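Report on one structure; see the data block that follows.
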Amino acid sequence: MTTLLIHNAHTLATQNDARTELHNACLFVRDNCIEYIGPAAGLPPEALQADEVIDASHHLVLPGLVNTHHHMYQSLTRAVPQVQNAELFGWLRGLYPIWAGLTPEMVQVSTQVAMAELLLSGCTTSSDHLYLYPNGVRLDDSIEAAREIGMRFTATRGSMSVGQSQGGLPPDRLVESEDFILKDTQRVIEAFHGAGFGAMTQVAVAPCSPFSVSRDLMRLSAELARSQGVRLHTHLAENDHDLAYSREKFGCTPTQYAQDLGWLGPDVWHAHCVKLDDAGISLFAASKTGVAHCPCSNMRLASGIAPVRRMLDAGVPVGLGVDGSASNDAAHMVNEARQALLLARVGRSLQPPEQRTLPSGERKTFFGCDLGPSEMTARDVLHMATRGGAQVLGRSDIGQLALGLCADIVLFDLNTLAFAGGAVHDAVAALLLCASPQVDTSIVNGRVVVRNGRLATLELAPLVERHNRLALQLVGAA
């Protein structure tokens, strides 16, 4: 049994239902669960004798951020010149031949590099969408990498089954047979999925996209997932080409396609949804279907601005995703949240006036300025990056700081250059409005995995050196 005390936190933002924020507060952890939150005067006696005490008097304390969409292997192909200015379909066509050279070692190393970047930016839980399996690659490679580095992980067994010869986008050599996909997906679920409270590894079923799998595989994947009690994930309505493909091939919108195949519901989350229309938003809200919002990737690939504020107002569960490291070229969760905030403000300015307010007509003022109910605030986005992400991944045991929940906690040092002149006014908002900082401490399931801004579970320098060597090998071979 281990204990940990976070003592006298400058600001502690719980992200509970009331979004309670405390000052000069303490948080006591026993093993992997939170046992106390409140003033020092109320601490249980054993807390003062905790195995580890962290002085948080100059820190912002938050629940660990939750990343709902990623392609971690893509960190090997960041900033590849031939696709730097491409949109989604051209970008994929340029990278598929490179990714065909992936090996199990490359997947393991790139997963740890991606996770190190996430952990150092305040993210403690991440999903990953691995949808191609050349040269003996298995989802097991990602899962083993996550266990070694210490990140809470939702591993999605992705798939592609419709190659170019059948009208799909990927090369035929990168697709798998649908029988094998379903059998291997069931194998991975049975081997690795944890359904209980505090599970460190969960598995989801994740056919890649409407332009790379068949309708049969989508339908059968949904049936498999529900028979096994796991979640469903895919890409949907990512850009105009994606929209056009659904209309041409299936004669319907992406949302209608998802509805027809059983891909709406509280056990489903879709990545991007940039082109989700009003009817789609209504269906997502009514069915509690989740969305992984990926602002940096959407900008990088010129996909557009997702209608996130309208989704939230309608009741759609929304979390944040950094997306693949070759379409974002980074995996910094605080920066992703910052971009989500700024992009929402830009997107609102582009909306017609009639779309800028809710039907209730409610208004608020701030320093005498009119603030509409559909405004996106820093606290809204932070809630999306924590509690929203947990909801999208189907986790009620993480995403907030509350008694009995998992001790996934991050601390940001407010006495750093990034917070200068900001934290003294509003430490919570400064996290997203000022320069995006690295985390000082990350705790996952009660275990310190980042300490004093340094990864505590792996040696980072040799990992990066190995990763760079493999990146050159992969791109050079193509």
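No experiment lies behind these values; they were computed from the predicted model shown.
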Shortest non-hydrogen contact from Val334 toward Ser121: CG2-O, 3.3 Å
Under 3.5 Å side-chain donor-acceptor pair for Trp263 and Thr234: no
Modelled atom types, side-chain donor and acceptor of Asn135 and Thr103, under 3.5 Å: no
Let me check something: any side-chain donor-acceptor pairs from residues 82-96 under 3.5 Å, sequence neighbours excluded? List them with distances.
residue, atom, partner, partner atom, Å
Gln84, NE2, Ala79, O, 2.9
Trp91, NE1, Ala326, O, 3.1

Salt bridge (Lys or Arg N to Asp or Glu O under 4.0 Å) pairs, two or more places apart, involving residues 249-259: none
Polar side chain donor-acceptor pair, His332 to Gln438, under 3.5 angstrom: yes
Donor on one side chain, acceptor on other, His193 and Gln202, under 3.5 Å: no
Non-hydrogen side-chain atoms of Cys252 and Arg247 separated by less than 4.5 Å: no
Criterion side chain to side chain contact (heavy atoms under 4.5 Å, CB included) against Thr441, the qualifying member of Val449, Leu411, Val410: Leu411
Pair Asp313 + Arg309: basic N to acidic O under 4.0 Å: yes
NZ/NE/NH1/NH2 to OD/OE distance under 4.0 Å, Arg138 and Asp184: no
For Pro97 against Arg173, the heavy-atom pair lying closest together: CA-NH2, 3.7 Å
Flag for Asn328-Glu336: side-chain donor and acceptor within less than 3.5 Å: yes
Heavy-atom donor-acceptor pair, Arg338 side chain to Ala378 backbone, under 3.5 Å: no
Pairing residues for Gln186 by the side chain to side chain donor-acceptor pair (under 3.5 Å) criterion, not counting sequence neighbours: Glu190
Pairs involving residues 196-216, ordered by first then second residue, that meet salt bridge (Lys or Arg N to Asp or Glu O under 4.0 Å) (sequence neighbours left out): Asp216-Arg219
Centroid separation Phe211 to His241 less than 6.0 Å: no
Any side-chain donor near an acceptor of the partner, Arg152 and Asn445, under 3.5 Å: yes
Salt-bridge contact Asp380-Arg19 (side-chain N to carboxylate O under 4.0 Å): yes
His233 side chain to His235 side chain, donor-acceptor N/O pair below 3.5 angstrom: no
Modelled atom types, side-chain donor and acceptor of His71 and Ser325, under 3.5 Å: no
Residues in side chain to side chain donor-acceptor pair (under 3.5 Å) contact with Thr185, at least two apart in sequence or another chain: none
Pair Thr457, Glu148: side-chain N/O donor-acceptor within cut-off below 3.5 Å: no
Donor-acceptor contact present, side-chain Asp397 to main-chain Leu405, <3.5 Å: no
Show every donor-acceptor pair shorter than 3.5 Å between a side-chain atom in residues 288-298 and any protein atom, with sequence neighbours excluded, or say none if there are none.
residue, atom, partner, partner atom, Å
Lys288, NZ, Gly315, O, 3.1
Thr289, OG1, Gly265, N, 2.8
Thr289, OG1, Ser287, OG, 2.7
Ser297, OG, Asp323, OD2, 2.6
Ser297, OG, Ser327, OG, 2.9
Asn298, OD1, His272, ND1, 2.9
Asn298, ND2, Cys294, O, 3.1

Min side-chain heavy-atom separation Ser209-Glu238 under 4.5 Å: no
Electrostatic pair Asp140:Arg187 at N-O distance under 4.0 angstrom: yes
Backbone N/O of Ala145 and side chain of Gln112: donor-acceptor pair under 3.5 Å: yes
Side-chain heavy atoms of Phe153 within contact of Thr125, under 4.5 Å: no
